[in-house]
2 protein chains.
Amino acid sequence: MKFSAQEEYGLRCLIRIGKYFKVEKSLTIPEISVYEGISQHNVGKILRILRMGGFLESERGQSGGYTLSAPPDKIKIIDVLFVLGGRLYDDSFCQSHTGMNDICTNTTECSVRSLWKIIQDAVDNVLVNLTLQDLLGTEDNLFSLFDVAPGSNSSN
Amino acid sequence: MKFSAQEEYGLRCLIRIGKYFKVEKSLTIPEISVYEGISQHNVGKILRILRMGGFLESERGQSGGYTLSAPPDKIKIIDVLFVLGGRLYDDSFCQSHTGMNDICTNTTECSVRSLWKIIQDAVDNVLVNLTLQDLLGTEDNLFSLFDVAPGSNSSN
DNA sequence: TTGAATCTTGATAAAAAAGTCAAGATTAAA
DNA sequence: TTTAATCTTGACTTTTTTATCAAGATTCAA
């Protein structure tokens with residue numbers, strides 16, 4: 001279970017653009033490239049995905065650039081992550097993990113599928129009310145939303 | 001954010017072997033291959049990972065095969081998923097997503113990192129007490145552990 | 001002791017994801 | 001009108017993950 005590079009970089013670009021929303025400044029691909037340390041080509045590719053997902057608007061030309069298509073508190077992180085990386089579990093998952101068979105051998109009764117759904121629910125519960133606005137504050141503010149001690153990292 | 005094929009297939013193989021634990025029967029690679037619809041070569045590779053992770057024991061020779069190395073209620077799913085697919089977030093994650101730079105541009109203050117940690121915590125809370133034993137029952141039994149209605153699938 | 005069935009391992013091939021590139025379209029300012 | 005700065009798109013290359021293969025080692029039973 002991993003986050004994709006596209007989710008990581010996409011979210012970072014969106015946050016970066018979001019920080020300039022209230023001063024009504026648009027950001028260009030070269031600017032974002034420098035800020036985030038991602039190549040211009042890659043930034044362009046990622047922003048295209050976000051634009052087609054409806055989160056960004058772009059303007060061409062000499063004074064062009066990217067802006068949010070809605071205020072940060074109207075952009076739901078769960079939607080952004082879906083566009084950037086798909087869902088953890090959906091009904092097509094079993095169909096793409098059938099091994100050599102046409103249909104999964106566990107179709108009618110599958111503990112693994114149930115586990116994936118349960119994990120998906122847990123993740124959804126975290127994300128359901130989270131907006132881009134919540135990610136524009138400090139790290140501590142975000143942790144406090146979820147009652148997590150900033151220093152605690154259960155991976156250690 | 002996706003599950004890897006290795007996590008899916010590995011867990012299915014482990015469950016399959018676990019179902020035979022109480023009758024003390026070992027399963028061979030060809031048997032598991034047929035049951036799960038995964039090629040023998042792939043089963044062999046996946047079982048090697050599970051064996052090296054300490055969850056399985058193998059016996060060679062004409063009457064060989066694989067058995068659990070501990071009772072199902074002693075095998076923690078969180079450990080199994082770690083061996084099969086790593087962790088969602090760990091401290092090396094930022095180091096591998098630095099773009100073109102040597103270190104991530106957001107080292108000191110990073111909302112994305114915080115979000116990943118929060119999601120990781122949510123997943124850990126689901127998994128922390130779950131054992132292989134819980135996956136050997138029916139799907140409904142598993143759902144009831146987490147108060148999820150079997151029909152409900154938030155991905156729809 | 002021989003042979004069949006099994007697991008073991010490292011190398012290879014195929015598929016998917018990530019990242020790069022080049023040519024083009026659009027816009028605003030000089 | 002010209003020029004420079006910008007976004008846009010599809011194709012390509014590289015890297016990572018997944019799956020396959022072939023040769024070998026081990027064990028049991030006849």
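Residue numbers start from 1 in every chain, and the chains themselves are labelled A, B, ... in the order their sequence lines are given, proteins ahead of strands.
Remark: A:S39 is not in phosphate contact with C:dG19, judged by side-chain N or O atoms under 4.0 Å from OP1 or OP2. Taking 4.0 angstrom as the limit, A:S63 places none of its side-chain polar atoms (N or O) nearer than this to OP1 or OP2 of C:dT27. Between B:Y66 and the phosphate of C:dT8, there is a side-chain N or O to OP1/OP2 separation shorter than 4.0 Å.
Side-chain contact check for A:T131 versus A:I75: every heavy-atom pair is 4.5 Å or farther apart.
At the heavy-atom level, A:G44 lies nowhere under 4.0 Å from the strands shown.
Of all nucleotides listed (D:dT18, C:dA18, D:dC28), D:dC28 comes nearest to the side chain of B:E59. The side chain of A:S58 sits closest to D:dC7 out of D:dC7, C:dT20, D:dA25. Distance from the side chain of A:R60 is smallest for C:dA25 among the nucleotides C:dA25, D:dT27, C:dG19. Between C:dA4, C:dT8, C:dG19, one nucleotide has an atom nearer to the side chain of B:Q62 than all others, and that is C:dA4. Nearest to the side chain of A:N42, among C:dT6, C:dT20, D:dA19, sits C:dT20.
The interatomic distance linking B:L27 (CG) with C:dT6 (P) rounds to 12 Å, in whole Å. As a whole-Å value, the separation of A:I29 CD1 from C:dC21 C1' is 14 Å. In this entry the distance linking CD of B:Q6 with C1' of C:dA16 reads 15 Å, nearest Å. Computed from coordinates, the B:L84 CG to D:dT18 P distance equals 11 Å when rounded to whole Å. Look at NZ on B:K45: it is 18 Å from P on C:dC7, rounded to the nearest Å. Separating the OH atom of B:Y9 from the P atom of D:dT18 is a distance of 10 Å, rounded to the nearest angstrom. As rounded to whole Å, 13 Å separates atom C1' of D:dT15 from atom NE2 of B:H97. Residue A:Q40 contributes atom CD, which lies 12 Å from atom P of D:dA5 at whole-angstrom precision.
For the segment residues 46-57 of chain A, the set of residues with a heavy atom within less than 4.0 Å of an atom of DNA chain D comprises A:R48, A:R51, in numerical order.
Both A:A5 and A:H41 lie close to DNA chain C; mapped to their nearest nucleotides by heavy-atom distance, the more 5′-ward contact belongs to A:A5.
Classification of A:R87 and A:D124 as a salt-bridged pair holds, one side-chain N sitting under 4.0 Å from a carboxylate O. For B:K2 and B:E8, the salt-bridge test fails: no basic side-chain N is under 4.0 Å from an acidic carboxylate O. The pair A:R51-A:E57 fails the salt-bridge criterion, with no side-chain N (NZ, NE, NH1 or NH2) lying under 4.0 Å from an Asp/Glu carboxylate O.
In this structure, the separation between CZ on A:R113 and CZ on B:R12 is 10.5 Å, given to the nearest 0.5 Å. Put simply, CG on B:L50 and CD on B:Q6 are 8.5 Å apart, with the number rounded to the nearest 0.5 Å. Here CZ of A:F55 is found 11.0 Å from CG of A:L68. Values are rounded to the nearest 0.5 Å.
Put simply, the side chain of B:S33 gets close to the backbone of B:I38: a donor and an acceptor are under 3.5 Å apart.
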